[in-house]
Amino acid sequence: MSIPVLVTGGAGYIGSHTCKALAQAGYLPISYDNLSRGFRDAVRYGPLVVGDIADRATLDAALAEHKPIAILHFAAVAYVGESMADPVLYYRNNTAGALSLIEAALAAGIDKLVFSSTCATYGVPKTLPIDEDTPQQPINPYGRSKRMVEQMLQDIGAVSPLRSVALRYFNACGTDPDGEIGENHDPETHLLPLAINAALGLGPQLQVFGTDYPTPDGTCIRDYIHVTDLADAHLRALTYLENGGATTAINLGTGSGFSIREILTAVERVLGSPVPHQVSPRRPGDPPSLVALAEKARDVLGWEAKHSDIETIVRTAAAWARRQHNR
Ligand SMILES: NC(=O)c1ccc[n+]([C@@H]2O[C@H](COP(=O)([O-])OP(=O)(O)OC[C@H]3O[C@@H](n4cnc5c(N)ncnc54)[C@H](O)[C@@H]3O)[C@@H](O)[C@H]2O)c1
Ligand SMILES: O=c1ccn([C@@H]2O[C@H](COP(=O)(O)OP(=O)(O)O[C@H]3O[C@H](CO)[C@@H](O)[C@H](O)[C@H]3O)[C@@H](O)[C@H]2O)c(=O)[nH]1
């Protein structure tokens with residue numbers, strides 16, 4: 001019998017890829033998702049409970065029915081720009097929502113939780129690459145909404161059996177190499193899919209948000225990590241907690257940064273067509289450079305990125321984009 005695990009946000013991009021990895025490893029992923037930003041047809045590897053993490057009645061019933069041994073908590077709203085415009089949404093959904101989930105976990109006696117945190121909790125770090133001891137001083141409500149959840153997990157974990165791993169992802173990208181699931185955000189706001197769609201003629205030209213950052217070519221630098229590598233890290237974090245591991249926080253990145261211009265060059269090289277683009281003003285809330293030091297993930301989880309070379313990222317994401325457009 002497969003081991004049940006509750007996956008909030010299992011109908012979303014990273015959650016659905018992690019459900020696939022869980023199923024392959026002998027777990028039964030129970031997706032718990034309000035479908036506000038996810039898709040029913042992304043839930044393929046276990047049952048779906050349609051519910052909101054703030055809805056304790058539905059949540060408690062799902063926990064009582066499926067008896068998961070752990071929770072992987074992906075459900076959130078996750079756009080830096082949107083969080084600047086609508087902070088209430090971010091604090092309500094991400095922070096208050098997480099507290100509701102934690103209370104439900106405690107009531108159900110669940111003592112293991114893996115949390116989707118983010119490098120956006122670091123703000124504008126003084127030095128690069130970013131290790132886990134870098135002060136968390138987020139510069140947007142999205143990052144603050146997530147840092148608060150990390151703090152709640154630490155405080156609550158200190159006085160309860162709940163142990164957790166906060167995985168601070170850098171920029172998720174790429175799609176399932178088998179093509180079963182992919183990245184479907186509506187609207188899409190992420191650089192990689194927008195650049196690929198522009199190159200393939202499947203979307204409008206890309207807006208490059210700012211060319212006056214303090215970086216070598218003036219565009220923002222990010223650390224791009226393939227979603228399959230993120231999924232693998234979640235399994236390892238779950239195993240760590242099953243083996244009695246203590247509450248901790250771990251970066252998930254490659255350790256290499258790419259500027260937006262370097263990404264456009266890479267997309268052009270892999271797809272053989274240029275990325276039509278124009279320069280636009282900076283997007284509020286964007287730090288100039290975010291690059292991980294990924295040693296803790298290797299030391300604690302035995303994890304390293306295996307699919308995150310830029311070619312694999314572009315190839316898998318482009319295959320998915322073409323399939324969505326039957327091209
Ligand atoms: N995409 C990235 O680059 C990135 C980087 C760092 C961290 N993260 C974090 O990873 C997680 C997943 O991100 P994603 O890119 O897969 O996003 P996504 O929007 O594809 O998935 C989020 C899922 O959560 C669901 N959801 C949202 N609010 C909910 C609620 N109140 N109750 C139940 N379900 C709810 C949505 O319907 C959606 O299916 C998020 O927590 C995000 O903050 C993402
Ligand atoms: O049309 C676009 C979209 C993005 N960018 C830039 O590309 C970079 C990456 O942007 P995006 O793909 O939107 O990712 P982030 O804003 O870095 O945020 C993602 O990565 C974060 C970690 O860095 C996560 O926490 C967030 O959930 C996730 O949305 C940024 O400099 C953007 O300004 C553009 O220039 N044009």
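As the structure lists them, so they are numbered: ligands from 1, and atoms in each ligand from 1. Keep in mind the model is a prediction, meaning the values are calculated, not measured.
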Lys306 with Asp229: basic N within carboxylate O range, under 4.0 Å: no
Under-4.0 Å salt bridge between Asp286 and Arg283: yes
Looking only at non-hydrogen atoms, which of [options] approaches [atom] most closely?
atom	options	answer
atom 25 (O) of ligand 2	Leu290, Thr189, Thr118	Thr118
atom 27 (C) of ligand 1	Gly143, Ala96, Gly253, Ala76	Ala76
atom 10 (O) of ligand 1	Phe115, Tyr169, Tyr79, Phe74	Tyr169
atom 1 (O) of ligand 2	Thr121, Asp223, Leu194, Ile221	Leu194

Can a non-hydrogen atom of [X] be found less than 4.0 Å from any atom of ligand 1?
X	result
Gly97	no
Ala11	yes
Phe170	yes
Gly51	yes
Ser117	yes

Among all protein heavy atoms, pick out the one at the shortest distance from [atom]; state its residue, atom name and that distance to 0.1 Å.
atom	value
atom 6 (C) of ligand 2	Ile260 CD1, 3.5 Å
atom 36 (N) of ligand 2	Gln207 O, 2.6 Å
atom 37 (O) of ligand 1	Asp33 OD1, 2.7 Å

Quick check: does [X] get an N/O under 3.5 Å from an N/O on ligand 1?
X	value
Gly9	no
Ala78	no
His73	no
Asn171	no
Val77	no
Thr118	no
Tyr32	no
Ala75	no
Ile53	yes

Polar atom proximity, Tyr79 to ligand 2 (N or O, under 3.5 Å):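 No.
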Min N/O separation Ala78 to ligand 2 under 3.5 Å: yes
Residue portion contacting ligand 2 (non-hydrogen atoms closer than 4.0 Å) for Tyr142: side chain
Within reach of ligand 2, part of Asp286 (heavy-atom separation under 4.0 Å): side chain
Residues which pass side chain to side chain donor-acceptor pair (under 3.5 Å) with Asn197, listed by chain and number, not counting sequence neighbours: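 With neighbours one apart ignored, the set is empty.
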So if I count the atoms of ligand 2 from 1 in the order they appear, which ones are less than 4.0 Å from some heavy atom of [X]?
X	result
Val208	35 (O)
Asn171	9 (C), 14 (O), 15 (P), 17 (O), 19 (C), 20 (O), 22 (C), 23 (O)
Cys119	22 (C), 23 (O)

Derivation of the ring-ring contact (aromatic ring centres under 6.0 Å, His included) call for Tyr224 and His190: CA-CA 11 Å; Tyr224 293 91; His190 292 113; 9.9 Å; no
Arg282 charged N/C atom sitting above Tyr213 aromatic ring, 6.0 Å / 45°: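 So Arg282 does make the cation-pi contact.
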